[in-house]
Amino acid sequence: MEGNLNALTTIFTEFYYWVTIVMMFLIHVGFCMYEVGVSRRRNHLKTLMKNAMAIPLVTITFYFFGWWIYFGFPNGPGITGGLVTAPFAEPWNPLMGTHLSGVNPGETGVTPTDAALWHRLNGVFWGAFLLFSITTASIISGSIIERVRSGAFWIIAVLVGSVLWILDASWGWHPQGWMVKLWGYHDAYASGVVHAIAGGAALAFLIVLGPRIGKFRADGTARDIPPHNVWLVTIGLFLIFTGFWGFYAACNIPLISPATIAGQITGETWTATNIYLAPTTLSAITFNFLMSLSGGMLAGYIVSKGDPFWTFSMGLCGVISTSAGNDLYHPIQALLIGAIVPTICYKLHYFVERRFKIDDAVGAVAVHGYGGFLGVVVAGFMLWGQPSSPYEGFAHINPLGNFAGAVLMFVLGFAPTFVVCKILNGMNLLRVPEKVELEGVDFALNHVFEASVREVGAAEKAMIK
Amino acid sequence: MSTNGMESWAVDLKDVGAIYPFQGSEVVMVIIGLGFWIGWHVLQTRHESAEIEADMAADRTGEETRKAIDRH
C-alpha cells in the first residue's frame, strides 16, 4: 500500500508539473504578442524573433549548466558550506534523460536514492524551472525594442536566464538556500528571484543602450510612442495572466508528507508546500492571485485614466508585488498591496523616464523591477516573525532580511548585465546604427517580402487570359 | 513575535487553522476593502464624467464626427 501511495504521489507530481509547463508557455505567447503590439510596423519581425529565439537559447543552456547551478550553489558556495554535488543535474548524467528508476550495470553517476526520486521528476522540474528562466529573460526583451541588436539581447538572455536568476534561486528560492537560512528570506512566488532581478538587468541594459531616436524632445521631455496595436498588447497581457497561473502552481510542491520533509512538522497530514517546503494551499494562491490582480487593475485604471496598456500592466504588477507573500497573505491584504505598490511603480516609471532619460518601451523595469523589489520588502514586514522554513535553525522572516534580499536580487541582475552590455557596446554589438533604426530593423526583410509579392503577383497576372 | 502567531512549523497541521497575518482584524480588512471598492466607483465616475464633458466640447462643426462615422 505504501509503495502504491508513493508511486501515485510521484506520478501525480510529475503530471502536475508537466501541466504547469504547458500553461507557462502561454506567458511566452503573450510576451511575443505584447512586444509586437508595442513595436512600430517597421520593427515587427525582428521584435518577434528577438523574443522567440530566447526560448531555444535559454532551453539548451539551462540544460547544459542552469539546472546544475540551482543544486550546486545553495551554500553560496562559501557562505553556509561548499559546492553541493548534484550528479542528477549534470547534463551527462543518465537521469537527465529517459530513465525508469533502477540502475543499469555500469551506469555511472546514478545512486539508487537519486534514481528513485528523480527518474520521473527531473524532466518536469527542469522544465518548470526552465520556463521561469525563459520568463526572466523575456521580461528584459520588451523594454529594449526597436534599437537593440538581437544578438546582444540573446547573450544577455542566456546570462540572466541560465546563470544569474538560477543562481539567486539557489540562494533565496531553495529549501536550503543560504539567504533563507541566514536572513529568513521569503519570496514564495518569485517577486525578487524572477522579477526584481529581471528588472535590474533591464535597467542596466537600458542605461547602456540609450533611448530610441525621437523619444525625447530637445528640451529633454519625453514623447509618447504609442503601441501600434493596442489589442495585441492587451491580449498578450491576458495570455501572460493566464500563463501566470501555471507559474504560481509550479512554485508549489503539490503533495508531500511530513516525513518526506524531514523537518519538524509532526503528525500525518499531507500538504502542499511552497518552495521552502513550508505549508500552503492552492486555494491560498488562488484567492491571492485574483485579489492582487484585481487591486492592480483597479488602481491602474484610475491612475492611468483608463489607459489599457497601463491598466493591464498594473494588474500584472499587482500580482508581482504580492508574489513574495501570496502563500500566506489574507486576500484583502493581497488586494491592497496589489493596488498600492503598482501605483508607486507607475509614478516611478515616469519619474525615472523624466529624470534619467530611460526609455523603457513596455515599462518592464517598473512592473517587474520596482514591483518585485517592493513586493519582497513589503513581505518582510507583513510576515515578520513567521518561520521561513520547516527546518530547525533557520532565521525567521524579517524586514531587514527581505530588504537585503531585494537589494541583492536587483543588483545581481543589474551589475553583470551592465558590464556585459558595456563590453558589447564597446565592440559595437549592442545597438543598430542610426540609419537602420530610422529605416526600421525589418527594412531589408520587408524589401525581400515586397519583391516576392511583386514577383509572384506579376507571374499570376501573366496567367490571366 | 510573529504576525500570524506561528513561531515554528513543529506542529501537527491538523491542529492549525488560519495562517495569514493579523488574524482577528478580518472585519477591519473587509471595511477597508469595501471602502476601496466604493472609492473606486466614485473616482471612476468623476473621471468618466470629465471625459464625456471633454468629448462634448470637442468637434463643434461635426467634421471629425463625420470622419469617425466613415471610419466605422
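Chain letters run A, B, ... following the sequence lines, proteins first, then strands; residues in each count from 1. On a predicted model such as this, the values are computed, not experimentally measured, just so you know.
Note: A/S294 OG to B/W37 CH2 = 13.5 Å, rounded to the nearest 0.5 Å. Considering CD of B/E48 and NZ of A/K305, their distance stands at 14.0 Å, rounded to 0.5 Å. The distance from atom CE of A/M382 to atom OG1 of B/T3, rounded to the nearest 0.5 Å, is 7.0 Å.
Within a 6.0 Å radius of CZ in A/F241, other residues, nucleotides and ligands contribute more than 12 heavy atoms. Within a 6.0 Å radius of CZ in B/F36, other residues, nucleotides and ligands contribute more than 12 heavy atoms. Residue B/F22 qualifies as enclosed at atom CZ: its count of foreign heavy atoms under 6.0 Å is above 12.
Residues of residues 323-337 of chain A placed with any heavy atom under 4.5 Å of a heavy atom in chain B are listed by number as A/L328, A/Y329, A/H330, A/I332, A/Q333, A/L335, A/L336. Within residues 176-183 of chain A, no residue has any heavy atom less than 4.5 Å from a heavy atom of chain B. At a heavy-atom separation below 4.5 angstrom, chain A is approached by no residue within residues 50-72 of chain B. Contacts between residues 6-18 of chain B and chain A, counted as heavy-atom pairs separated by less than 4.5 Å, involve B/M6, B/E7, B/S8, B/W9, B/A10, B/V11, B/D12, B/L13, B/K14.
Pairing each heavy atom of A/I302 with each of B/Q44, the nearest pair is CD1-N, 3.7 Å.
Residue A/F394: no heavy atom, backbone or side chain, is found under 4.5 Å from chain B. Of the two parts of A/S389, only the backbone, made up of N, CA, C and O, holds a non-hydrogen atom closer than 4.5 Å to a non-hydrogen atom of chain B.
For the pair B/W40 (side chain) and A/L298 (backbone), a donor-acceptor distance under 3.5 Å is present.
Of the listed residues (A/P387, A/G385, A/G267), the greatest number of heavy-atom pairs within a distance under 4.5 Å of chain B belongs to A/P387.
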